[in-house]
Amino acid sequence: MSHLNRRQALRLFAAAGVAGAAAPLLSACSSGSGSSQSSSTPPSGPPVKIGMIVPLTGSRKDLGNEMDNGFQLYLKLHDNKLGNREVQLVKVDEGETAETGKAAAEKLIKEDRVLALTGVASATAMMALKDTVESAAVPLVGSNASPVALQGVKYIWRTSFVASEPGQALARWTADNAGGSVAIVAADHPGDDDEAKAFLDAFINANGSVSGGGIRFTPFQSKDFGQVLNQVKNSGATAMFAFYAGASAVDFVKQYKAAKFPANFKLVAPGSLTEGYVLKQQGEDARGIYTSMNYSPDLDNAANRRFIADYQKSFGTIPSTYAMASYDAAAVLDKAIGDASRPQLDSFSLNAAIGKLGQIESPRGGWQFSQNRTPLQRWYLRQVRLDGAMLSNVLTAELTTLG
């Protein structure tokens with residue numbers, strides 16, 4: 001099926017409200033449906049409180065919205081229940097600093113006394129709240145931030161990916177297709193440069209040639225990339241790897257386009273450069289960019305077709321990997337809460353149940369938790385192209401499996 005036809009089919013699927021579109025999308029995490037209890041249906045019990053930490057204000061608010069949408073969609077499709085228990089979702093603003101992220105976790109654990117946590121957008125917030133979560137022994141099923149430095153945790157799980165993985169996944173393909181040397185640029189910020197460093201190491205191991213000998217760092221949250229773009233343009237590099245996210249990704253892509261690099265020059269990046277809400281702001285300037293990501297909206301599997309249809313019906317747009325990972329976090333909690341309810345549900349039994357989950361059928365394709373408490377999953381190469389009448393991160397190849 002062509003991308004155009006597939007996109008049209010997805011739209012028709014969503015518009016028609018196809019029967020079964022509201023069925024559980026992650027079959028391994030389905031809590032069951034129907035009026036009668038079966039042996040696989042978790043026992044009912046008192047409502048549970050789940051704490052969500054996402055940016056509700058500030059520069060990451062759009063990211064927070066997508067994370068919130070994914071989790072809320074799962075609840076909507078499952079009668080606001082996880083593990084056959086009514087859910088009280090308590091949202092607290094992550095803010096933009098490590099301190100505000102830690103304060104959010106402390107409020108939810110100490111004041112709201114939640115059963116479990118989810119969300120967390122930024123790497124600095126995740127590192128700041130790590131000890132709070134671990135000492136309280138309250139499981140956090142994070143759906144975005146997963147810095148390389150987050151090691152040795154017992155209660156922090158992530159349904160997204162380790163920050164080093166997008167660069168690792170993309171390195172071999174770039175070495176084989178760059179046509180010469182590759183410049184590497186990234187923001188100079190602790191935790192946010194994991195992806196560029198991982199790409200550099202893997203690219204060198206793949207016998208790639210690095211222009212300038214290393215990473216060209218730009219000031220964190222810079223809005224002016226003219227100097228580094230001119231350096232790369234004059235360096236003789238035939239391709240560039242760039243790691244930026246959020247507002248910086250929008251500014252970088254627009255200024256890259258304005259710099260008028262040669263037509264055969266390749267810009268490659270982790271998926272965050274063109275993912276979700278930023279692609280809408282970049283528009284035509286993003287066309288042609290290659291990215292590596294654990295999800296593409298045109299993955300052709302039944303779970304993704306249903307997910308796309310339900311998400312479009314609820315929010316009027318195509319879901320991002322941020323929404324998908326948050327959806328999966330709800331699904332993980334759904335199955336684990338049901339399992340932990342036998343014989344008695346608490347944060348300790350819930351954490352143990354998460355550790356026993358097997359294969360999870362997801363819109364991204366099947367995955368399972370690794371020993372690092374992150375997904376063992378496939379990685380895909382995408383390119384920004386017209387897909388029907390809209391620009392999208394169109395799947396072009398499968399890269400590797402990491403976890």
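Treat the numbers as computed from the prediction; the structure is a model and nothing was measured.
- Legend: residues meeting side chain to side chain donor-acceptor pair (under 3.5 Å) with S164, ordered by chain and number and at least two apart, are absent.
- With salt bridges taken as basic N to acidic carboxylate O contacts below 4.0 Å, none links D334 and K81.
- Remark: E96 pairs with no residue by the salt bridge (charged side-chain N to carboxylate O under 4.0 Å, His left out) rule, at least two apart or across chains.
- Sparse packing is recorded around CD of Q227, with 12 or fewer heavy atoms of other residues, nucleotides or ligands lying under 6.0 Å away.
- Each of D298, D300, D310 was checked for a salt bridge (Lys or Arg N to Asp or Glu O under 4.0 Å) with R305, and the lone residue meeting it is D300.
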Listing, residues 128-155 side-chain donor-acceptor contacts under 3.5 Å, not counting sequence neighbours, or none:
from, atom 1, to, atom 2, distance (Å)
E134, OE1, K154, N, 2.9
E134, OE2, K154, N, 3.3
E134, OE2, Y155, N, 2.8
S135, OG, D131, O, 2.8
S135, OG, T132, O, 3.2
N144, ND2, A121, O, 2.7
S146, OG, R158, NE, 3.0
Q151, NE2, V148, O, 2.8

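- Other residues, nucleotides and ligands contribute only 12 or fewer heavy atoms inside 6.0 Å of the NZ atom of K61.
- Looking at residues two or more places apart in sequence or on another chain, you find no side chain to side chain donor-acceptor pair (under 3.5 Å) involving T400.
- Of all heavy-atom pairs between R364 and N301, the closest is C-ND2, 4.4 Å.
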Chi angles and distances behind the ring-ring contact (aromatic ring centres under 6.0 Å, His included) call for F241, F203: CA-CA 10 Å; F241 173 95; F203 185 66; 8.8 Å; no
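- Residues F199 and F243 place their aromatic rings such that the two centres sit no closer than 6.0 Å.
- Here T118 contributes atom OG1 and L89 contributes atom CG; the two are 8.5 Å apart, rounded to the nearest 0.5 Å.
- Aromatic ring orientation, Y322 versus Y277: tilted (interplanar angle from 30° to 60°).
- Ring geometry, Y290 versus W173: the interplanar angle falls from 30° to 60°, so the pair is classed tilted.
- Here the CG-CG distance, from L299 to N304, works out to 5.5 Å after rounding to the nearest 0.5 Å.
- For F265, the ring pair (Phe, Tyr, Trp, His ring centres under 6.0 Å) partners two or more places apart in sequence, or in a different chain, are F261.
- The only member of I53, L108, I50 that meets side-chain contact (heavy atoms from CB on, under 4.5 Å) when paired with V90 is L108.
- Applying the side chain to side chain contact (heavy atoms under 4.5 Å, CB included) test to T100 and every residue at least two apart in sequence or in another chain returns T97.
- Salt-bridge check for K335 with D339: passed, with a basic side-chain N closer than 4.0 Å to an acidic carboxylate O.
- Under the side-chain contact (heavy atoms from CB on, under 4.5 Å) test applied with M240, the options V182, V228, L229, T174 reduce to a single match, L229.
- Between atom CG of residue L115 and atom OG of residue S349 there is a gap of 7.5 Å, rounded to the nearest 0.5 Å.
- In this pair, H78 and Y74 present their aromatic rings parallel. The plane angle is below 30°, not in the 30 to 60° band.
- The NZ atom of K313 lies 9.0 Å from the CG atom of L77; values are rounded to the nearest 0.5 Å.
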